[in-house]
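Quick note: residue numbers are just sequence positions, from 1. Just so we're clear, the structure is a prediction, and the values are computed from it rather than from any experiment.
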Amino acid sequence: MNLKLRKYFEINYFFCPQCRELLEFKMIEGRMRLVCPNDNFIFWNKPNCVVSGLWRVRDKVFLILRGNKNSSYYDYWALPGGILEVDEEPEAGLKRECFEECSMIIKPKRIITAHLIIDRKRFSYSSIDIVYEIQVKKINGWKLNKHEIKDASFFSINHLPKKIAFNHDKIITNFFQKRI
């Protein structure tokens with residue numbers, strides 16, 4: 001197996017999930033892909049779908065400080081949000097994630113942008129982030145999910161933290177430049 005190519009694929013994906021044969025690299029549709037020589041299973045390595053919410057109050061934006069030490073963006077600030085479940089609509093997933101992370105009951109207003117995120121530590125993990133502008137309808141006591149979130153705060157657009165994950169700093173800046 002070509003180990004140089006492994007960095008572009010799921011690190012632990014060595015065997016076919018259908019027959020358990022060792023996967024091999026093969027050129028398919030112009031890219032090297034992991035393929036089973038027995039049953040032609042192809043591992044496409046598709047991105048996850050994630051959602052994020054931008055809550056604006058005048059010239060400030062709400063950010064969470066990521067607190068999961070196993071995360072590649074531990075101790076970085078980000079917009080609240082997370083990975084969608086397989087059968088979940090984006091708006092429903094954003095509502096669930098905002099409530100789970102910060103006890104916020106929100107209303108997604110509109111999609112601001114969608115962009116590709118490539119994990120900085122695990123190149124093979126990528127996501128498509130759908131970013132919504134949100135309205136917060138209610139906050140249930142500012143309870144933070146301490147497993148995922150260390151802190152949460154509002155930041156002035158002119159004084160954003162230096163460590164912001166997922167290119168959310170660019171999204172925030174673009175959002176405020178278009179709105180102000």
Side-chain angles (χ1 to χ4, degrees), residues 10-12 44-180:
E10 295 285 343
I11 303 305
N12 295 323
W44 292 101
N45 199 24
K46 296 178 181 176
N48 285 318
C49 189
V50 299
V51 286
S52 300
L54 191 150
W55 179 21
R56 170 189 189 222
V57 176
R58 290 181 286 284
D59 68 339
K60 294 185 178 184
V61 64
F62 179 77
L63 298 174
I64 57 168
L65 182 60
R66 295 171 55 82
N68 183 339
K69 291 185 180 183
N70 296 322
S71 166
S72 61
Y73 287 97
Y74 170 73
D75 228 14
Y76 275 67
W77 292 91
L79 298 170
I83 299 172
L84 290 177
E85 299 292 339
V86 71
D87 60 347
E88 192 171 42
E89 293 288 336
E91 288 188 9
L94 183 58
K95 289 177 181 180
R96 176 185 53 77
E97 284 288 345
C98 286
F99 188 79
E100 286 176 3
E101 290 179 349
C102 304
S103 299
M104 297 187 311
I105 297 171
I106 62 123
K107 177 182 178 187
K109 292 170 69 174
R110 66 182 177 96
I111 294 175
I112 297 169
T113 189
H115 66 109
L116 176 66
I117 298 170
I118 297 177
D119 193 298
R120 67 190 186 113
K121 286 186 179 177
R122 301 171 301 178
F123 181 75
S124 64
Y125 296 141
S126 63
S127 302
I128 301 296
D129 186 9
I130 304 169
V131 182
Y132 286 83
E133 179 181 11
I134 62 172
Q135 173 185 358
V136 175
K137 296 170 84 177
K138 184 178 177 183
I139 300 169
N140 290 340
W142 279 112
K143 297 175 196 164
L144 300 179
N145 178 339
K146 294 297 182 179
H147 174 71
E148 293 184 43
I149 311 300
K150 285 172 65 174
D151 197 5
S153 187
F154 278 96
F155 291 91
S156 166
I157 184 64
N158 298 320
H159 295 92
L160 293 173
K162 290 182 182 175
K163 290 171 42 176
I164 298 181
F166 314 123
N167 288 325
H168 284 169
D169 52 340
K170 292 181 180 103
I171 291 164
I172 294 164
T173 301
N174 288 341
F175 176 80
F176 275 88
Q177 286 176 350
K178 290 178 185 176
R179 301 270 311 206
I180 294 177

Would you say Glu89 has more than 12 foreign heavy atoms packed within less than 6.0 Å of its CD? no

Distance (rounded to the nearest 0.5 Å) between Phe155 CZ and Lys60 NZ: 10.0 Å

Of the non-hydrogen atoms in Pro80 and Ile64, which two are nearest, and what is the gap between them? CA-CD1, 3.8 Å

For residues 94-106, which side-chain N or O atoms pair as donor and acceptor with protein atoms under 3.5 Å away, sequence neighbours left out?
{"unit_1": "Arg96", "atom_1": "NE", "unit_2": "Glu88", "atom_2": "OE1", "d": "3.4"}
{"unit_1": "Arg96", "atom_1": "NE", "unit_2": "Glu88", "atom_2": "OE2", "d": "2.7"}
{"unit_1": "Arg96", "atom_1": "NH1", "unit_2": "Glu100", "atom_2": "OE1", "d": "3.3"}
{"unit_1": "Arg96", "atom_1": "NH1", "unit_2": "Glu100", "atom_2": "OE2", "d": "3.4"}
{"unit_1": "Arg96", "atom_1": "NH2", "unit_2": "Ile83", "atom_2": "O", "d": "3.0"}
{"unit_1": "Arg96", "atom_1": "NH2", "unit_2": "Glu88", "atom_2": "OE1", "d": "2.8"}
{"unit_1": "Glu101", "atom_1": "OE1", "unit_2": "Gly81", "atom_2": "N", "d": "3.1"}
{"unit_1": "Ser103", "atom_1": "OG", "unit_2": "Lys143", "atom_2": "O", "d": "3.0"}

Output the distance between atom CG (Asp59) and atom CD1 (Ile157), rounded to the nearest 0.5 Å. 8.5 Å

Can you spot which of Leu63, Val131, Asn167 makes a side-chain contact (heavy atoms from CB on, under 4.5 Å) with Ile172? Leu63

Report yes if the side chains of Val61 and Phe176 come closer than 4.5 Å at any heavy-atom pair, otherwise no. yes

Donor-acceptor under 3.5 Å (Ser156 side chain, Asn158 main chain): yes

I'd like to check Leu144 versus Lys146 (side-chain heavy atoms, cut-off strictly below 4.5 Å). Are they in contact? yes

What is the distance from atom CZ of Phe175 to atom CD of Glu133, rounded to the nearest 0.5 Å? 4.0 Å

Would one find more than 12 heavy atoms of other residues, nucleotides or ligands at under 6.0 Å from atom NZ of Lys170? no

Kindly state each residue pair satisfying ring-ring contact (aromatic ring centres under 6.0 Å, His included) with at least one member in residues 45-72, sequence neighbours excluded. Trp55-Phe62, Trp55-Phe154, Phe62-Trp142, Phe62-Phe154

So which atom in Val51 and which in Gly93 form the shortest heavy-atom distance, rounded to 0.1 Å? CG2-C, 4.0 Å

Atom pair CD/NZ of Gln135 and Lys107 - distance to nearest 0.5 Å: 6.0 Å

Looking at side-chain heavy atoms only, is the closest gap between Trp77 and Asp169 below 4.5 Å? no

dist Ser127:OG -> His115:NE2 (nearest 0.5 Å) comes out at 9.5 Å

What is the distance from atom CD1 of Ile128 to atom CG of Leu84, rounded to the nearest 0.5 Å? 11.5 Å

Taking the side chain as every heavy atom from C-beta outward, state whether Val136 and Val57 have any atom pair closer than 4.5 Å. no

Spell out, as yes or no, whether a donor-acceptor pair under 3.5 Å connects the side chain of His168 to the backbone of Ala78. no

Which atoms form the tightest heavy-atom contact between Gly53 and Ile134, and what is the distance? CA-CG2, 3.9 Å

Salt bridge (Lys or Arg N to Asp or Glu O under 4.0 Å): pairs with one or both residues in residues 70-85, sequence neighbours excluded: Asp75-Lys150

